[in-house]
2 protein chains.
Amino acid sequence: MEFTILRNELNEAIQHVAKAVASRTTIPILSGIKVDASFSGITLTASDTDISIQSFIPTETASKTIATVKKPGSVVLTAKFFVEIVKKLPHEEVHIEVGDRFQTMITSGATEIQLVGLDPEEFPVLPSVQEDQVVSIAGDLLRDMIRQTVFAVTTNESTPILTGVLWNLHDGIYKFVATDRHRLASRTAPVDAGDVRFSNIVISGKTLNELAKIVPDQNVMVDIVVAENQVLFKLGNVLFYSRMLDGTYPDTSKIIPQNFKTELVLNTKLLSDSIDRAYLLSREEKTNIVRLTTTESGGIEISSSSSELGKVTEQLGVVEMRGEPLKIAFNSKYMLDVLKVIDSEELFIGFNGSMSPIIIRPNDHDNSLHLILPYRTTN
Amino acid sequence: MEFTILRNELNEAIQHVAKAVASRTTIPILSGIKVDASFSGITLTASDTDISIQSFIPTETASKTIATVKKPGSVVLTAKFFVEIVKKLPHEEVHIEVGDRFQTMITSGATEIQLVGLDPEEFPVLPSVQEDQVVSIAGDLLRDMIRQTVFAVTTNESTPILTGVLWNLHDGIYKFVATDRHRLASRTAPVDAGDVRFSNIVISGKTLNELAKIVPDQNVMVDIVVAENQVLFKLGNVLFYSRMLDGTYPDTSKIIPQNFKTELVLNTKLLSDSIDRAYLLSREEKTNIVRLTTTESGGIEISSSSSELGKVTEQLGVVEMRGEPLKIAFNSKYMLDVLKVIDSEELFIGFNGSMSPIIIRPNDHDNSLHLILPYRTTN
């Protein structure tokens with residue numbers, strides 16, 4: 001294998017695939033990046049077996065030559081050093097040549113790097129994915145759907161299925177759901193999916209966070225290919241493969257109430273700022289307990305207290321209030337997580353007494369729905 | 001005590017003194033900030049007994065009223081929550097009132113905070129400092145002198161005196177020296193000190209780092225008052241007190257060679273980039289060993305190797321080279337630390353063979369001098 005390539009394009013592709021390199025592995029080959037050179041371009045691949053990322057650099061684009069391949073071939077290079085050094089190479093061109101026993105020489109300007117390469121035959125083969133079930137979705141929308149749900153997955157590995165986000169697609173409505181049993185976040189969006197439909201597909205929250213980082217900022221379309229036990233995301237020249245989580249996701253549809261005894265419409269930012277202050281104090285107690293109480297003057301009071309430090313009390317006006325008076329306690333950190341991802345200026349909160357789930361959604365649409373279980377306190 | 005104050009001015013003063021709050025202490029009062037209100041202004045004080053910071057907020061400046069004091073008095077408030085909450089208060093004005101048993105009420109807009117206050121009588125009294133020995137120095141220069149030496153102090157608490165920076169002042173030349181026995185950094189500057197002179201004053205490196213953070217960006221003068229076992233830095237309305245370290249700093253003057261067998265003049269940035277690449281590989285070996293070799297073509301070669309990963313070799317041109325050929329190994333992290341603080345475009349390096357100290361200094365002046373001991377390797 002021998003080729004010359006522009007440093008910046010090589011670096012960009014390396015940064016993409018680096019996210020799939022296994023960080024702690026006893027299998028040395030998985031700590032590497034596979035480099036394949038053909039006359040059409042250079043392909044980089046990394047895989048930790050849960051996720052695999054492949055990035056293709058064409059030798060030419062419409063406007064310029066990116067790489068010149070003298071001799072096709074493959075090698076696997078240890079990622080840790082390769083990822084760091086390429087961005088610091090002194091010259092805009094990089095020459096890579098593989099010699100005997102995968103010994104690899106990287107030259108750029110007056111810098112010569114000799115790397116111990118590994119046998120590409122040992123590198124895992126990427127899953128082959130049948131492309132019958134394809135959903136096209138705008139990159140920005142996909143990122144939003146991830147951001148508005150993924151924070152609610154559990155980090156507790158004792159319920160592995162809940163470390164993932166549940167996907168359903170029916171009648172062109174794509175739905176993401178995440179829950180850790182104390183709270184739930186869901187987001188729906190109409191998508192261009194033809195007659196594709198699926199249910200009970202669960203993708204690791206960590207994987208979706210990694211994916212969100214490489215969805216380009218320019219609003220390009222992402223193709224999502226759903227196969228038997230794999231999902232493939234196609235982002236231009238980058239392919240992102242993820243295993244699905246095994247198991248059956250719990251049915252959460254029945255825990256969402258449709259009617260409420262108390263309904264509030266509030267300014268999102270004012271509520272968020274107010275709970276943030278009460279959170280600061282509640283944090284010192286480790287419980288994060290904050291109370292919300294409707295007041296006789298028709299507003300609400302947000303409060304928290306710490307036996308050692310003191311008490312915060314906030315008066316907050318409401319846009320609308322309907323139904324019964326209320327006094328409820330909840331985990332303020334969970335509430336702040338929700339308020340952070342609600343992009344609408346006003347939000348709706350529905351309650352059914354101090355012992356029942358709290359429902360929060362934007363006031364101007366119902367694409368998002370959040371649920372938080374209250375604390376069952378005695379005062 | 002009762003006063004009203006502008007939130008932003010209060011917040012700024014809190015952020016200054018917060019750096020002196022004891023983070024891990026068994027003495028509760030030291031985890032607080034003392035607030036003193038008088039008709040002339042509000043004084044905030046924090047102290048971890050090693051350093052103490054006091055910030056004064058005058059009730060009025062030439063252009064506006066900052067605080068209105070209704071009733072003078074004092075209280076100590078637990079810093080952790082106080083520091084966080086003030087910057088998040090909803091209104092630009094903050095009202096603070098102390099009631100029975102130091103119970104403190106902070107109100108801002110519709111936010112009410114009730115804090116458990118502590119008795120100000122229990123708070124440590126600031127050291128009284130005799131102001132006979134005063135040095136005036138530009139804030140920018142003081143920051144530079146700290147930055148260019150403090151990285152070389154030891155973090156090893158078994159030699160406490162070397163965790164500090166040594167100060168000498170003779171004939172109007174102020175000198176900072178730091179060493180961890182493997183390297184040494186020194187910086188001198190002429191200052192406006194009248195006939196003030198001192199020697200063997202050692203200030204903790206951590207303290208100097210904290211000080212550097214609160215020296216204002218605008219180039220104001222800082223007055224340094226050197227007293228018996230304390231140094232006081234006067235930065236406008238902020239007073240910063242530091243204890244001196246006990247003990248005698250080792251005499252380092254004799255280890256600086258005056259003549260060299262090999263002398264190089266190099267471009268600082270090119271050398272720094274080159275060593276940075278070699279460092280990346282040497283880091284994998286945990287040793288950080290990088291080699292510098294003069295070449296027959298009149299340049300130098302920078303190289304490092306890792307048994308597992310491979311080898312980096314760099315050719316580098318020199319501006320000037322005098323004396324004997326050389327092959328030397330050193331800790332590349334130490335060299336990068338030096339190259340980061342040399343602000344000149346070109347630097348001088350002097351060697352006396354592969355076993356003797358390496359001297360590095362800017363090529364255009366001798367206000368800075370750095371020493372690194374080489375690795376004594378056999379190949």
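Quick note: numbers below take in every heavy atom, side chains included, and nothing from hydrogens, waters or symmetry partners. Computed from a predicted structure; not experimentally measured. Chain A is the first sequence line, chain B the second, and so forth, proteins listed ahead of strands; every chain is numbered from 1.
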Nearest heavy-atom contact between Ala67(B) and Ile5(B) is CB-CG1, 3.9 Å

What option among Leu281(B), Asp273(B), Leu115(B), Thr78(B) has the most heavy-atom pairs under 4.5 Å with chain A? Leu281(B)

Should Arg322(A) and Glu263(A) be marked as a salt bridge (charged side-chain N to carboxylate O under 4.0 Å, His left out) after you check the CA-CA gap, both sets of side-chain angles, and the distance that decides it? CA-CA 5 Å; Arg322(A) 290 179 290 269; Glu263(A) 297 184 343; 2.8 Å; yes

Side chain, backbone, both or neither of Glu308(A) within contact of chain B (heavy atoms, under 4.5 Å): backbone

Looking only at Glu284(B), Glu301(B), Lys311(B), most heavy-atom pairs under 4.5 Å shared with chain A are made by Lys311(B)

Select, from Leu270(B), Asp276(B), Leu309(B), Leu77(B), the one with the greatest count of heavy-atom pairs under 4.5 Å involving chain A. Leu309(B)

I'd like to verify something: which residue of Glu84(A), Arg277(A), Glu314(A), Arg283(A) has the highest number of heavy-atom pairs under 4.5 Å with chain B? Arg277(A)

Calculate, to the nearest 0.5 Å, the distance between atoms NZ and CG belonging to Lys87(A) and Leu280(B) respectively. 9.0 Å

With a 4.5 Å heavy-atom cut-off, do Leu89(A) and Thr111(A) have their side chains touching? yes

So which of Ile302(A), Ile113(A), Thr107(A) has the biggest tally of heavy-atom pairs under 4.5 Å with chain B? Ile113(A)

Drop me the distance from Ile57(B)'s CD1 to His16(B)'s NE2, to the nearest 0.5 angstrom. 10.5 Å

